Structure formats: C-alpha cells, structure tokens
Amino acid sequence: MADSSFPILTVTAALPAVGAVVTAAVPAARKAAAKYTALLFSLGTLVLSLVTLFRFEPGGARYQFTETHTWVKSFGLHYDLGVDGIGAVMVALTALLIPFVMLAGWHDAEPLEDTAGPNRRWRPTQGFFALILMVEAMVVLSFEATDVFLFYIFFEAMLIPMYFLIGGFGDRAHAGGEDEAARQRSYAAVKFLLYNLAGGLIMLAAVIGLYAATAKQLGTGTFALQDILNARSAGKFQLATSTERWLFLGFFFAFAVKAPLWPLHTWLPNAMGESTAPVAVLITAVVDKVGTFAMLRFCLQLFPDASKWATPVIMVLAVISIIYGALLAVGQRDIKRLIAYASVSHFGFIILGIFAMTSQGQSGATLYMVNHGISTAALMLVAGFLISRRGSRLIADFGGVQKVAPLLAGTFLVGGLATLSLPGLAPFVSEFLVLVGTFSRYPVLGIVATLGIVLAALYVLVLYQRTMTGPVKAGVERMSDLKARELVVVAPLIALLLFLGVYPKPVTDIVNPSVQHTLSDVHKTDPKPALEAKK
C-alpha cells in the first residue's frame, strides 16, 4: 500500500539533515568517525528512498505518501509533501548517488599542505561531509514538496551548503598553484551563488504573485499545489493570459538557471571546473536536476497555457544548448570543463523532451534525468581519480594511461561511451525517446538536435584517445590503477548503466503515469502518425 500513517517522506528528508548535525558534532580529531557517521546516514536515507520507490503504486493516486500540516494559517502556508512517479524516482536517484559521492571524496578534506607548521591549512573533514548531507536533505525536500512556498525555501536553501562546498573544498589541481586555485574557487562559488540567487529572487516575485491571484479569486491565498489545481479543475480559479505568462516566466527563469539552459549556463563550467570531482557530481547529477524536475511539476501544471505559449522559444533555446554545449566540449583542454559543457548539452536534451509535449518526449526526459545522473557520476568520478593521480586536469598532461592503469582506463571508457549514448547503455534509451518525441511534433528541431549525438561521439572519443592511448607521458608512468574503494564507487554505477540500457522498464513503468497526468494538465495528446492522419 502506498498510503501509510508513517511519515516516510519527512523521515527520508530529515535523516540526512540530522546526519549533518551529528557529523559536524564529531570531535575534530576523529575524522574517520565523522566519515563513517555521514556514510551511515546516507545509506539509511537510501534504504528509505528505495522503500518509497518499491511501495509506490503507478496505477494509484497521482501523489502518494502525502503529508499535510498547517504551517502558517494566516498566510496560507502548509507543510505539504507528496511524490508522484517522477518525484519518487528522483528522490531515489539522489539517495543512490550520495554514498558514492562520499566514498569518492573520502580524502578530499585532507590538509591542503603536507608540511607541518603554523602555516598548515586544514579543510575540516566533518564540515565537508556534513555539507554533503545537508545538500541531500534540501534536494530531497525539493522533490517532495507540493506547497510552492515550501519548495521555494529548499530550492534556495540548498545554495548555501553548495557555496561552501565549491569555495571551501575545491579542486587543488591548478596550474597556477594553491593561491590561484583559491582565487578561482572563490570566483566560481560567488558566480554560482549570484546566478542562482538572481533566479530565485525573480521566482519569489512570481510566487507572491501566484498567492495574490489565489487570494483574489478564492477569497483566501494558498501556495498548495493540489488546492490550486483542484480549484482550476472546478472552474473557480483561472489566471488572466498576461498574468499567467508573467508568472510562468518568473518560475521558468529560476529553473532555467538551475538546469542550466543556454544562455543562463555560464556558472556551471566554473563551478564544476573548480570543484572536486565528487562535488561536481553533486552539482550536475543532483542539484541541477531540481530545475528540470520543477519545470514538469510547477511550470507545466500551474501555467499550462503559458507553457504552450513559450514552447517554441524554449525548444529553440534547448537545441542551442545541445549544439553549443557539445561544440564547446569539443574544444576544451580541461577534463572537468569538458564534462561540464557536455552536461549543458545533455540538459538541452532533457528540456527539449519536456517541452515537446509528447509522452515519448517527457518519458525520455525523465529517464534522461536518471541516466544522466548515473553516467555523469561514473565519468566524472573516474576523471577525479585520474586527476588526483596526475595532479593536473589538463588533457595535454595525460597519455598512455591504459598501459599503466587498464582498469581505470576501461571504466573511463564505459563512462564516456554512456555519455555519448552508445546503444546498450542507459542514456541511449532516454535520448532516443526524446528525439522521437520531438521529431513527431517538431521535425526540424529534432533533426538539428541529432547533431548533438555526432558531436558527443567526437568529444568523448577524442578525450579518450588523448588521455588513454598513445605513448606514456611523463608523470603517468607510475600511475596506480583503481583501488578497492574506488572500485566500490565505480562498479555499481557501470552495472546500473548496463542494466537500464537493456531494461529501462522498471523506471518507465513508474514515471509514465505521471507523464500522462502532466500532458493532461496542458491538454496535449500525442500527434497522430502522418499516414494515419492522411486517412
């Protein structure tokens, strides 16, 4: 049964938050204890998220495991939680990736310098792992919240721990030395914060506007998503065309920054490039997914007519993101920035599928969010292992790695092939569905978007060729292969890429009913095939 008196959604979100407090309270000298404490709380969150996922009934109510409590009655604020199929899958993805992020970053909070003395600078282990848990709690609550204002709070709150993770625990592999690395980390963290805060402030104005509109028409203002949808279905609530469009733009702008969509993407390469590999995974595989998820939950459901009105422009921007991100990835000299621009391209595919307004497109977009999270985590974490061994993230400093570390090279290849959506690996299915769904309604845009596949093959294979093949370069000859902890991180991700590549049905069965609900909200049905239409 999906309904239960046990508040499983609250507990799933509260567990990492409590874990963050407990981890931060571990004495400074007991760094190992802090690491294992954080890992234990993340595994507990994973168990709860899987229980929610397996107990979710695709044929049942749209939102399940719901919790509703009055928060501030006079302002119409409610503590409303609930997950549809898409939300349940995204919570599970988040909880799945966090333990791998922690294991991959097991030594990322070690001292910045190896020499002892008064100038030795420390990065507190407890703080690093506590911040990761706090990000997890905020992201999970964002996927669960069905009150617009409650969602907004956690949508913005996650920026604070991310800011400190980027600025305080960034990458050490910088050609300009530690001082230049610190300066670049600070710049990337501030840029990340300013971009996302700007989007959030615009969204806040739209949230207040939505509340004012409900107060005017319903007699009492509300932020509850389900109450607004029910009132609209009953004919009691209807936004004026201009009002709906302005409110839609306020919400969409914030989500497009978070996603990120061209031309609002420029913070991402800086943030991912200056972060450690695990934090970079946290950004693009976890935090950024909140933006695309929110487009499905809030933009399309609250503002269906405005969503259809804005679709042509958004589709063009998505295609530009696909091509632009891929082209810039081809020209990168920095491994992590290459993966960052590849993610800009992939998010273009996700947004393309969402606004194609077809069942194939939106199912593919949702599946793409899952598969991109897994594939990017696999590629970026292996890239992090590679960079930490060499002390550089420049592609030119590598060569012949497969001769000295074949296991590392092999896993890097699988992660790269997943990134270019090779058939048999998970991202292929989702990318194929997105393109089919787009082509059925926007054939020209679908054709142009396929160029992103060709460019992905180019930047991934050239990256592999330059780093892994050829003669062994100086500094690479003593590189060690993957260790046991690193194999524990990479092997399950590769297994998931293979499993979902040949059998995505467990995920699609859960998300497809939610996709149909969303299409019903915007009054869209799949276009008829051309031959059938002619008859």
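Bear in mind that the values here come from a model prediction, so they are computed numbers and not experimental data. The residues of the chain are indexed from 1 along the displayed sequence.
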Run through Phe298, Phe253, Phe255 and flag the one making a side chain to side chain contact (heavy atoms under 4.5 Å, CB included) with Met203.
Phe255
Please tell me if the side chains of Tyr187 and Glu274 come closer than 4.5 Å, counting only heavy atoms from C-beta onward.
no
Should we count CH2 of Trp71 as having more than 12 external heavy atoms under 6.0 Å?
yes
For the ring pair Tyr324 and His265, is the centre-to-centre distance below 6.0 Å?
yes
Check for me whether the distance between the ring centres of Tyr36 and Trp106 falls short of 6.0 Å.
yes
Compute whether any side-chain donor of one residue and acceptor of the other, for Thr376 and Thr284, lie under 3.5 angstrom apart.
no
If we check side chain to side chain contact (heavy atoms under 4.5 Å, CB included) with Leu381, which of these qualifies: Leu493, Leu103, Leu97?
Leu493
Donor on one side chain, acceptor on other, Glu67 and Thr10, under 3.5 Å:
yes
Return a table of donor-acceptor pairs under 3.5 angstrom between the side chains of residues 135-164 and protein atoms on other chains or two or more places apart.
residue, atom, partner, partner atom, Å
Ser142, OG, Met138, O, 2.9
Thr146, OG1, Asp80, O, 3.3
Asp147, OD1, Phe149, N, 3.0
Asp147, OD1, Leu150, N, 3.0
Asp147, OD2, His78, N, 3.4
Tyr152, OH, Gly200, O, 3.4

Tell me whether the count of non-hydrogen atoms from other residues, nucleotides or ligands lying under 6.0 Å of CZ in Arg30 goes above 12.
no
State, yes or no, whether a side-chain contact exists between Leu133 and Ser42 at a heavy-atom distance under 4.5 Å.
yes
Parallel, tilted or perpendicular: rings of Phe347 and His372 (30°, 60°):
perpendicular
Leu282 side chain near Ile98 side chain, heavy-atom distance below 4.5 Å
yes
